[in-house]
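For the numbers below, each heavy atom of this structure counts, side chains included, while hydrogens, waters and symmetry mates do not. The sequence lines fix the lettering, A, B, ..., with proteins before strands; numbering per chain opens at 1.
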Number of protein chains: 2
Amino acid sequence: MPVSVYEPPALEPGTLRVIPIGGLGEIGRNMTMFEIDGKILIVDCGVLFPEEHQPGVDLILPDFSPIKDRLGDIVGVVLTHGHEDHIGAVPYLLRLRNDIPLIGSGLTLALVEAKLKEHRIKPYSLTVTEGQTEKLGPFDLEFVAVNHSIPDALAVAISTSAGTVLATGDFKMDQLPLDGRLTDLRAFARLGEKGIDLFMVDSTNADVPGFTPLESSIGPVLDQVIQKATRRVVVASFSSHVHRVQQVLDAAAANGRRVAFLGRSMVRNMGIAADLGYLKVPKDVLIDYKKAKDLPDDRIVYMSTGSQGEPMAVLSRMANLDHAIEPGPGDTVILASSLIPGNENAVYRVIDGLTKLGANVVHKGNAKVHVSGHAAAGELLYCYNILKPKNVLPVHGEYRHLVANAKLAMQTGIPEENTILGEDGTVVDLKDGVAKVVGQLDLGFVYVDGSTVGEITDADLKDRRILGEEGFISIIVVVEAATGKVVVGPEIHARGFAEDDAVFNEVKPKIVSALAEAAKSGTRDPHALTQVVRRTVGRWVNTSYRRRPMIVPLVIEA
Amino acid sequence: MPVSVYEPPALEPGTLRVIPIGGLGEIGRNMTMFEIDGKILIVDCGVLFPEEHQPGVDLILPDFSPIKDRLGDIVGVVLTHGHEDHIGAVPYLLRLRNDIPLIGSGLTLALVEAKLKEHRIKPYSLTVTEGQTEKLGPFDLEFVAVNHSIPDALAVAISTSAGTVLATGDFKMDQLPLDGRLTDLRAFARLGEKGIDLFMVDSTNADVPGFTPLESSIGPVLDQVIQKATRRVVVASFSSHVHRVQQVLDAAAANGRRVAFLGRSMVRNMGIAADLGYLKVPKDVLIDYKKAKDLPDDRIVYMSTGSQGEPMAVLSRMANLDHAIEPGPGDTVILASSLIPGNENAVYRVIDGLTKLGANVVHKGNAKVHVSGHAAAGELLYCYNILKPKNVLPVHGEYRHLVANAKLAMQTGIPEENTILGEDGTVVDLKDGVAKVVGQLDLGFVYVDGSTVGEITDADLKDRRILGEEGFISIIVVVEAATGKVVVGPEIHARGFAEDDAVFNEVKPKIVSALAEAAKSGTRDPHALTQVVRRTVGRWVNTSYRRRPMIVPLVIEA
């Protein structure tokens, strides 16, 4: 359903305008802009990963159009945590203005700086910690600890003369977190008592009843699987999931095994996490991958990337025997990870490949080796009841998640008119405790493909879908300009249509006679002749094959 | 991992040869051939639906090569039930020899005959029922009732001079089935006591612990949802799931609503099921879709297709407001169906679309509106213990399912050497209670695309994948034969690469000069000149864009 777009009114002084630029109606490319009195604050700047109807696209960025003429007014970018869907678009924003200050926790900034280094950008950054307050222009910020599937995540309370917003970022409320760092419900309570005018809250698991299980419940399962394993163990998970990796290290150590990291991002991120003290490496457990091969099979755990079946990642390559480590009978592979929708076939292909090689594959489907990083419905109810916000804007979710979250808010007594169901580009104005939708911007998808940003359009993707489903037939004819007589061709080539170009011998005379007829009736315009060729081939292929390849005719005058 | 292919020995008289042609290592295109003393029996002949790496393909058939020169020896095709993955390839088999007898239950044959009618084939068929025995050449058949997600499913016991095979087809063991027709464990017990030499058993849910819940547990949930609904209700499910539809009819009737069927296959199949008495239509409940629109919103249930997010089916079209029924606030949509791996994104897009229109969407993720049609691990253990087969060949599953099923067999005491892990084309010989793998045929995928069967190859699909990811650039140059001088072009066109062909102005002079240089060094061969163009453009696009579109150069001599 197309969004009905309408311009918001000019922003009055003393009113806070909130525009979610990405992350509403999708899980990814989270980004929100806050504007008051001529100054802009941004919270998060992430990427979205493409789906199957966006073929060949590497990444999708938020549409920066609301800020691209206002770059000088940006006072800073708050990054709530270090996941790609919250930090991945920072390099593309900083390409527009490289001195926008970045504000975030130690781990978050370390991860974003490593990413910026690859883009050869050195950012201006400010490390903050939970409980800390900062003033950025008209915005008074307070950072609040939250827990998530990466350490050091922060919610941010944004106070302005128009009111206070609390943005959770991604979070859950694990009551026995591995690092002891709880989602700070005391701070939520205090902020709630002072008054939260707008609560922007993670919706990912709003449609999951109950509570997200403890991260620490996974450790004993990993321990048991590793204990029973007789040969090599490979564990695959997300390369930023420090606590999951921590539990693998601990389980390995408890079973007298050493751990080697595999995969570029795993090696890099765990290096950062260990250096900063987020990952506590047990003594003498880590071993370089190259030396690991000399250990006996029952003394090693490989901690790798590729848990989503990504074809170029370590785990897929192992399953295809395209990696130095070739799994075999007696080996154990644990996918300690979620199964992100859309990745199922790829992941099951990897599981089947490993199973066929003889490995015992343990995954979410047959063991409790994963818990989510997001608050489920039960946890969200706690939040609403502790905060009692005046208005709610569910964020970070596909539309059904946002709706589920809004329903939870209403169940705790927040009036329906104060729960805002928005989309990317929804303009919300806040003043005196009243939040109102005042506009809807027309924001698009910005595709990164190779080194190009925003050059691939939806029309290109439509062409790719047709080409990918049906292939193409190209027909080249050279005609004499004066007479329209065919002097070369038709040359016909096809790809993705049929193995043998000989199938086209049947249609060539039809093309020649259609062109002759057109010439006889006085048609000389190459474009019109092109249409004649297109129609002739299109009809033939549809009748003979019931298929609809892209037809690419070209009539050249010689 | 490539299968190592080896020829089986010539088949000795008195030995039964079993070759699963499809359905091992995949969920779909189930087909097995049984051969003894020169005669062939086939059990099932289904299609497989393509995955995302097989773009544009409509259907995938079993590879008929083991039987295509032996068509005259086929004594019949037993069809265990009426699902597409068991009957869908029958028309393609009968195109090769149209008088091969088909044997199946009443509903199964009615469904296959309706399908064959579309292909203008009238088959020779024999309706059988549970308990019935038939002799087909050297094969003595006994049919055994099993329950599944379609009525009238049959297992078949195949007795020959070499031993007895029991093939379950798809089944589960619902102990309170809607139609009272149990999987006949008494028959299993009797057959087991006589001796089953080879048990070919459904593996789909072998990795699911416990027991598949009762189909009848869904009725009360449907009833409750419909009772609470204030406006229209749409239920989507599989168009062959008679018992699911039965429960929708009953729940609608109990709530004073009428039911209209939507979607060609739903209308057709439920017509057949009602005519044959499998669907018991409560009095005055059914109403024609065109008349349903005149009923008040709270008096109607639409029973539709499209539960897998298929873009052309009713439910997707409703979500896109591309159907006469436009869902809106207060409407309820129930997806009473599974979520087949690979379809997640499509299904969630439909759910989000309907949610955005204001509908309340009830699905497997938030209510108990679906149960599987396949036996889970707990049920399979019962089977093994009741049958005590000498040898087991898990079928109907991806590789991990076959492995899980084999493990269950071993847990009940069947020796590892008697559990056979096969793939499509594995040749198993059976004699005197001994089953042995004696060969592995090289079987491929046969793609149906439009009206073509087997003409699209894996090379074409690879081209489609490249085209679909990256698009193509075609370059046409006409050169003077004698001098190699460029007389027309380069004409460059691209699709799926960039919106504006002006980007190619940069590379045109490079092509002209590369060709001039080649001409200077004496290169005249158009193929060699084509390679010059390909290299020039390939290098340019890779350096400038870091992309790898298909490059389609053509040098024409004029």
Side-chain angles (χ1 to χ4, degrees), chain A residues 1 25 51-52 55-56 207 209 320-321 341-342 344-345 348 351-353 355-357 361 365-366 398-400 403 449-452 455-457 459-461 463-465 467-472 474 476 478 487-489 491 493 495-499 544-547 550 552 554 556-558, chain B residues 1 25 51-52 55-56 207 209 320-321 341-342 344-345 348 351-353 355-357 361 365-366 398-400 403 449-452 455-457 459-461 463-465 467-472 474 476 478 487-489 491 493 495-499 544-547 550 552 554 556-558:
Chain A
M1 196 179 44
E51 291 186 5
E52 68 278 11
D207 63 351
N320 293 326
L321 293 181
E344 287 82 358
N345 283 339
Y348 288 131
I351 293 176
D352 280 326
T355 305
K356 210 173 268 190
L357 293 173
V361 186
N366 57 23
E398 300 189 349
Y399 203 80
R400 66 188 180 284
V403 170
D449 189 357
S451 62
T452 64
E455 291 187 19
I456 284 291
T457 65
D460 291 315
L461 294 186
D463 279 348
R464 286 184 183 178
R465 288 194 297 267
L467 288 168
E469 293 274 301
E470 303 271 1
F472 73 89
S474 87
I476 295 115
V478 183
V487 291
V488 181
E491 289 256 11
H493 298 272
R495 299 300 286 268
F497 176 77
E499 267 307 79
S544 310
Y545 294 91
R546 300 241 174 128
R547 277 154 59 186
M550 187 180 282
V552 189
L554 181 67
I556 302 174
E557 291 185 337
Chain B
M1 194 181 48
E51 291 186 6
E52 67 277 12
D207 62 352
N320 292 327
L321 294 180
E344 286 84 357
N345 283 338
Y348 287 130
I351 293 175
D352 281 327
T355 305
K356 207 172 270 191
L357 293 171
V361 186
N366 58 23
E398 299 187 352
Y399 202 80
R400 66 187 180 284
V403 170
D449 188 358
S451 63
T452 63
E455 293 187 18
I456 284 290
T457 64
D460 291 314
L461 294 185
D463 279 348
R464 287 184 183 178
R465 288 194 298 266
L467 288 167
E469 293 273 302
E470 303 272 0
F472 72 88
S474 85
I476 296 115
V478 182
V487 293
V488 181
E491 291 256 9
H493 298 274
R495 299 301 286 270
F497 176 76
E499 267 308 80
S544 310
Y545 294 92
R546 299 239 176 130
R547 277 153 58 187
M550 186 179 282
V552 190
L554 182 67
I556 302 175
E557 291 186 334

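Considering only heavy-atom pairs separated by less than 4.5 Å from chain A, the leading option among B:Ala459, B:Pro209, B:Ala498, B:Gly471 is B:Ala498. Put simply, of A:Glu51, A:Arg464, A:Glu52, the one with the most heavy-atom pairs under 4.5 Å next to chain B is A:Arg464. Counting heavy-atom pairs closer than 4.5 Å to chain A, the top residue among B:His493, B:Glu455, B:Glu469, B:Arg465 is B:Glu469. With chain A as partner, the option from B:Thr457, B:Leu461, B:Asp449 having the largest number of non-hydrogen pairs under 4.5 angstrom is B:Asp449. In terms of non-hydrogen atom pairs under 4.5 Å with chain B, the most contact-rich of A:Asp207, A:Asn345, A:Asp463 is A:Asn345. The candidate from A:Val487, A:Ile476, A:Val552, A:Val403 with the greatest count of non-hydrogen atom pairs under 4.5 Å with chain B is A:Ile476. For the set A:Val361, A:Asp460, A:Thr355, A:Thr452, the entry with the most heavy-atom pairs within less than 4.5 Å of chain B is A:Asp460. Most heavy-atom pairs under 4.5 Å with chain B: of the set A:Met550, A:Arg547, A:Arg546, this distinction falls to A:Arg547. Across B:Ser544, B:Gly496, B:Pro341, the residue that shares the most heavy-atom pairs under 4.5 angstrom with chain A is B:Gly496.
The nearest pair of heavy atoms linking B:Gly468 to A:Pro55 is O-CB, 3.0 Å.
Checking side-chain atoms of B:Arg400 against main-chain N and O of A:Asp352 turns up no donor-acceptor pair under 3.5 Å.
If you measure heavy-atom distances from A:Glu398 to chain B, the contacts under 4.5 Å come from both the backbone and the side chain. Heavy atoms of B:Ser474 lying under 4.5 Å from chain A are absent altogether. The contact between B:Tyr348 and chain A is made by backbone and side chain atoms together, counting heavy-atom distances below 4.5 Å. Of the atoms belonging to B:Glu344, it is side-chain heavy atoms, and not backbone ones, that fall under 4.5 Å from chain A. With a 4.5 angstrom heavy-atom cutoff, B:Ile556 touches chain A only via side-chain atoms.
Annotation: the span from A:Arg495 atom CZ to B:Leu467 atom CG amounts to 7.5 Å, rounded to 0.5 Å.
Side-chain atoms of A:Glu470 and A:Phe497, non-hydrogen and from C-beta on, never get closer than 4.5 Å to each other.
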